[in-house]
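To start, the structure itself, in structure tokens.
The figures that follow rest on heavy atoms only: side chains count, while hydrogens, waters and symmetry mates do not. In listed order, ligands and their atoms are each counted from 1.
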Amino acid sequence: MTMTRSKWMTALPYVLILAVLALLPLSGNEYRALIGTRAAIYWVLIAGLNLVVGYAGQLAIGYVALFALGAYTASILAAGNVLPEVSPALALLAASGVGAVFGVVVGLPALRLRTFYFAMTTLGFATIVTQVALGWQDVTGGGIGLSGPSLPAPFDTAWGLYGLCVGLAMIATLITANVAHSRFGRALIATRDAEVAAEASGISKPALLVSVFLFAGAAAGLAGGLFAALQTYITPDAFTFDLSLLFFISILIGGRGSILGPLLGTIILTLLPEIAAPLAAWSTFVYAGLLLVIVLAMPGGIAALLNRENRKALPTGRVILPQQAALRSLLGEARRKQRLDLSGIVLRFGGLRAIDGLDLSVEPGEVHGLIGPNGSGKTTTLNVISGYYKPQEGRLTLGDSPLPAGLPVGRAARGICRTFQTPRIIGEETVLENVMVGGTLAGRATFVEALLSLPRARADERLIRERAVLALKAVGLDGLGDIRADRLQHSELRFLEIARGLMLHPRLVLLDEPAAGLSTIEIERLGALIKAISREGVAVLLVEHHADLIFDVCDRVTVLNLGRVLAHGTPAEIRVHKEVVSAYLGA
Ligand code: ADP
Ligand code: MG
């Protein structure tokens, strides 16, 4: 296999780190073995935690708890003071298992609690674990502690253990990189930065987070078991808040959404107290200082400093030129056409009837315009259809089966996609990756298959990437695939959202003011694109203020006023409708 230059550049830092790790034993200095082993053990934990913190954006600051649980599980089982003694290998495996279970237990609050509240629960759990370790003397040895598992040869020497831990650290790196570069990794970032768009793409946050918490917990538990073997003796004070901060800050220094950054962060933070020994006593202070520097001076962490793509010049004078042929190959294979029906929908916000008995049908193969003054309920209607709002009355059906009210995640699987009045994109990811998020449901491989990068997972990646390239061509953004999305212009983001929606091979496309902020020529091309999408058999519901666009592309128009249908008909009928003209279109 030939590697491209950019692939080499990506691999280079890892090769250098590996070379240093491979050469370290030649120094013969056993103290270095200890430091290297410790860094490798920390990395096993941090690699997993990186998916939670760096990718999913969950502030899990108390991971030392899972580390301690792993250490105690391995030690207790190997000592045989509660259950019959087990082999060290089995003890490590059990540590990993206990870590996985408690990883989910500690993680579950994240499904309900936001940021800092979740951070506090993880810290609370860390305190509980330490208190239990102190108090449960018969089992844990209390403040006196207990011996760690002694591993068999060849892992019973300093360099033997070093080899084992470095090997496991390499495996952890590979596995997390596999997840990160799969649809699951993109989905994690999507839930972090564009949660509603993630939902609209069919990404179920609870299922995704539970998989990641299981994995990160298993890694933390294993790391704890290895740590107990390294220390040969563990006490509760080995598992301090400082250590938890080290884990967390390694990821922050490294930069979120990166594997290499946090790896370098781990190496730096493990080496720091060794290089500057007097700092060891000041570690909390140093960490706090580092944290401030990162937040203020380099919010993107090491990864942002290393990223060259950010600084690549953007193509100038670029135009958005949708390509019909690409659209046809993307939506080509026929999909059963279905009609959307709303009947008697009522949605109240407190006393306000935002939608007041709405009937609406959108036919496949047609563009249906939804217009009306500001506040007439257009966006709310889209939110009802896409499941974000649960109407108090009325029925929704697509095809022959009802659409359950208030369940946004299921909409993508039914073939409903949408864009947002304010584009919801992942600014830190490339344009292509943003579009690929829309293809999450197209994947067949499970999380475990993605973890190991098995053939099905790789086939998923190829398929989703191919489709995303097509989708970018279809909306006219090809050539911008590897640009960070936050560098695009506003008008390009609107087309980007359409591309992401098309990845679903939709039956129904909901567009919320897609022409806002576009130039005249861009609106014209948008109109042609919308029309072309509907001509592939897709039902399109278009909310728009630009009357020209509405009258150009719509087959049917519904006019809303105060949450009610004011008029309904062909563009020609609406254009001359007396009430519409006086209430909305104006003179
Ligand atoms: P538009 O037709 O401009 O898209 P919307 O559907 O956004 O109108 O809003 C319809 C009405 O419902 C407005 O009066 C708006 O203030 C109100 N509304 C919309 N969303 C909410 C909400 N989440 N809570 C309370 N009122 C809302
Ligand atoms: Mg609106």
key: Whether G377 lies under 4.0 Å from ligand 1, heavy atom   = yes

Whether R465 side chain and M436 backbone form a donor-acceptor pair below 3.5 Å = no

inquiry  = Regarding N374, does it place an N, O or S atom less than 2.8 Å from the Mg ion (ligand 2)?
reply    = no

The Mg ion (ligand 2) to nearest N/O/S of T380 below 2.8 Å = no

request  = Could you tell me whether atom 18 (N) of ligand 1 has a protein heavy atom closer than 4.0 Å?
outcome  = yes

key: Electrostatic pair E461:R186 at N-O distance under 4.0 angstrom   = yes

query = Would you call E497-R424 a salt bridge at under 4.0 Å N-O?
reply = no

query = What do you reckon, are the aromatic ring centroids of Y63 and F247 less than 6.0 Å apart?
reply = no

query = What are the two closest heavy atoms between F420 and A200, and how far apart are they?
reply = CZ-CB, 4.1 Å

Need the ligand 1 atom indices (1-based, order shown) with element for anything under 4.0 Å from a heavy-atom of [X].
| X | result |
| --- | --- |
| N374 | 3 (O) |
| T380 | 5 (P), 6 (O), 9 (O), 10 (C), 19 (C) |
| T379 | 1 (P), 4 (O), 6 (O), 7 (O) |

request  = Verify the distance criterion only: is there a donor paired with an acceptor across the side chains of H546 and E544 at less than 3.5 Å?
outcome  = yes

key: Parallel, tilted or perpendicular: rings of Y389 and F349 (30°, 60°)   = perpendicular

query = Looking only at protein heavy atoms, which one is nearest to atom 24 (N) of ligand 1, and how far off is it?
reply = F349 CD2, 3.5 Å

query = Backbone or side chain, does any N or O of G375 fall under 3.5 Å from an N or O of ligand 1?
reply = yes

Ligand 1 N/O within reach of Q421 N/O, cut-off under 3.5 Å = no

ask   = Heavy-atom contacts under 4.0 Å between Y389 and ligand 1: side chain, backbone, both, or neither?
value = side chain

note = Within the 4.0 Å heavy-atom cut-off, what L352 brings close to ligand 1 is side chain

ask   = Cationic tip of R575 within the cone over F551's six-membered ring, i.e. under 6.0 Å and within 45° of the normal?
value = yes

